[in-house]
2 protein chains.
Amino acid sequence: MSTDAAGEEIRSRGFVTSFARGLDVIGAFGPGAGRLTLSEVASRAGLDRAVARRLLMTLVELGFAESESRRFALTPQVLRLAQAYLGGAGLDRRMQPALEALANRLGESVSLSVLDWPDIVNVARAEAADRPFRHALTVSARMPAHATASGRVLMAALPADVARAHLAAPLPRYTPRTVTESDALMRAVAACRDAGFAVLDGELEEGFASAAVPVADATGRVVAALATSSHAGRRDAAALRAEVVPAMLATAREMSALLV
Amino acid sequence: MSTDAAGEEIRSRGFVTSFARGLDVIGAFGPGAGRLTLSEVASRAGLDRAVARRLLMTLVELGFAESESRRFALTPQVLRLAQAYLGGAGLDRRMQPALEALANRLGESVSLSVLDWPDIVNVARAEAADRPFRHALTVSARMPAHATASGRVLMAALPADVARAHLAAPLPRYTPRTVTESDALMRAVAACRDAGFAVLDGELEEGFASAAVPVADATGRVVAALATSSHAGRRDAAALRAEVVPAMLATAREMSALLV
DNA sequence: GCACTATAGTGCGCAATGCGCATAAATGGG
DNA sequence: CCCATTTATGCGCATTGCGCACTATAGTGC
């Protein structure tokens with residue numbers, strides 16, 4: 001296979017092409033893809049039809065896809081791959097009790113997020129609930145990292161060069177208060193690192209303030225951000241700082257203890 | 001490679017071993033795995049260390065994993081694979097408005113689930129919220145299919161032989177009302193198919209009733225179940241049937257219209 | 001109903017790719 | 001500092017996957 005074509009990465013010799021192509025096939029089922037024919041998959045993934053077919057057959061055999069009347073679709077089993085990540089990172093149901101306790105204590109819903117630049121991805125959530133129902137874990141809500149408290153906390157945990165690289169591309173503005181300029185963001189991130197938490201006020205949506213704190217594992221590595229957001233009518237930024245952040249820091253410490 | 005060892009499936013000739021092994025490597029990062037060494041991954045996935053290493057390098061190169069000081073971990077990018085499934089199935093943010101409208105109308109939280117036997121997996125959720133904040137989509141809460149209204153609805157959409165095969169293994173009991181016996185469940189599922197909805201009362205947890213209706217795509221295929229659950233003190237099973245199910249059926253039709 | 005097009009499925013020869021041993025380097029514990 | 005363990009690399013072999021070309025099948029227009 002051509003590994004030297006212009007624009008193509010030079011792959012290290014320990015690169016398993018078939019695996020990468022298989023992942024491309026999964027990726028071919030993008031948003032709004034629905035059930036795809038073999039040729040559609042092949043062209044979306046940029047593969048020969050025969051190759052795409054073999055990979056699809058593999059997925060079907062493993063239960064990750066199903067085919068019916070010449071159309072293929074992924075199955076919910078694909079979600080287990082995501083759970084491999086979540087479970088491996090320790091961001092699974094063990095976090096839930098602490099999360100719910102915090103939600104009830106604050107009377108706000110709280111969430112746990114990780115960074116997948118340029119987004120933060122929600123991996124768990126708890127509501128200030130009157131009902132003791134197991135919510136278990138919730139995933140996949142994405143929000144722009146640069147305009148959320150969680151994003152700021154997670155960026156603060158990044159090596160400076162990585163953070164700066166991320167900020168090279170222009171970032172969208174959501175409100176007049178959104179910080180989009182690279183240097184200003186770097187300063188904000190540094191301030192957040194010093195403070196140990198982040199409070200943002202109306203940078204994503206007018207009238208909403210959010211607060212976040214880092215959650216670290218036993219080795220001190222930041223693995224997630226714990227966040228809550230609040231309507232300004234209820235709690236403004238100052239109130240978040242005073243009332244909410246201390247409780248969140250305590251919960252974050254609790255969670256750290258659960259993370260091996 | 002031995003494809004004939006006892007207990008091993010006979011893989012069709014169109015089976016891409018390296019791809020399957022790569023997926024095994026992702027799966028090796030199970031619950032509580034944390035950061036794994038090469039050898040740990042190899043032994044968990046049942047692979048030669050050299051093979052595991054090549055596959056890990058591939059994952060790292062693609063951004064699905066990272067290695068630091070000889071330990072590997074998956075990255076949040078793995079969650080994009082799950083989103084390929086969700087997006088492809090149409091179970092993405094387009095469903096959210098209808099879901100939220102229903103939640104507000106009912107004053108209960110509602111969820112959208114798919115079947116990954118023996119579980120149902122939550123793929124979206126909305127709360128009866130006072131705040132207009134974008135919850136987007138939530139994934140990954142698993143509940144036992146045989147003890148939930150969603151599960152019953154989704155089983156009703158299965159071919160009878162598949163359903164029966166699923167019920168071959170014994171099912172756990174959660175309350176005295178849990179239906180665990182195969183024939184009884186088949187009957188309940190059939191009844192649910194006739195009725196077009198399911199209402200369960202205390203089969204998963206004492207004092208909680210839940211209702212679910214199927215959501216079909218344009219071709220009539222059931223792709224998800226729309227469900228709500230309620231504390232018995234607030235609404236009992238009869239109330240769910242009378243007040244809630246009609247609104248849910250309407251929302252399900254709305255959602256069907258969004259599904260190509 | 002028939003020709004025509006497009007897409008799916010199969011066969012097969014080639015060789016590149018991935019395998020897996022065995023060796024070298026590196027780490028870490030005692 | 002040495003030994004045990006794990007990681008990293010090398011390399012020859014043949015298996016595995018590739019991708020062309022061919023056939024089968026389904027869907028369309030007339």
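Please read all numbers here as calculations on a predicted model, not as lab measurements. Convention: sequence-line order gives letters A, B, ...; per-chain numbering from 1.
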Roughly how far apart are A/Phe64 CZ and B/Phe19 CZ, rounded to 0.5 Å?
-> 8.0 Å

Taking only Lys NZ, Arg NE, NH1 and NH2, and the carboxylate oxygens of Asp or Glu, determine whether B/Arg21 and B/Asp48 approach each other closer than 4.0 Å.
-> no

Can you tell me the distance, in whole Å, between the CG atom of A/Leu38 and the P atom of C/dA6?
-> 17 Å

Whole angstrom is fine here: how far is it from CZ in B/Arg35 over to P in D/dT6?
-> 19 Å

Candidates C/dG20, C/dG18, D/dG17 - which lies nearest the side chain of B/Asp48 = C/dG20

Write down the distance between CG (A/Leu56) and C1' (D/dG17), rounded to a whole number of angstrom.
-> 15 Å

To the nearest angstrom, how far is B/Arg71 atom CZ from C/dG28 atom P?
-> 10 Å

Would you tell me if any nitrogen or oxygen in the side chain of B/Arg21 comes within less than 4.0 Å of OP1 or OP2 on C/dC19?
-> yes

Between C/dG11 (P) and A/Arg54 (CZ): distance, integer Å = 13 Å

Under-4.0 Å salt bridge between A/Glu66 and A/Arg71 | no

Looking only at side-chain atoms of B/Val51, point me to the closest of C/dC21, C/dC19, C/dG9.
-> C/dC19

Specify the separation, in whole Å, of atom CZ of A/Arg49 and atom C1' of D/dT23.
-> 12 Å

Before accepting this row, confirm whether a basic side-chain N of the pair A/Asp116/B/Arg80 lies closer than 4.0 Å to the acidic partner's carboxylate O.
-> yes

Between A/Ser18 and C/dG18, is there a side-chain N or O to OP1/OP2 distance below 4.0 Å?
-> yes

CZ of B/Phe15 versus P of D/dT16: gap in Å, rounded?
-> 12 Å

Integer-rounded Å distance: C/dA26 C1' and B/Arg53 CZ | 13 Å

If only side-chain N and O atoms of A/Thr17 are considered, is one of them under 4.0 Å from the OP1 or OP2 phosphate oxygen of C/dG18?
-> yes

Just by modelled atom types, is the A/Leu167 backbone N or O under 3.5 Å from a matching donor or acceptor in the A/His146 side chain?
-> no

Side-chain N or O of B/Arg70 less than 4.0 angstrom from OP1 or OP2 on D/dA8?
-> yes

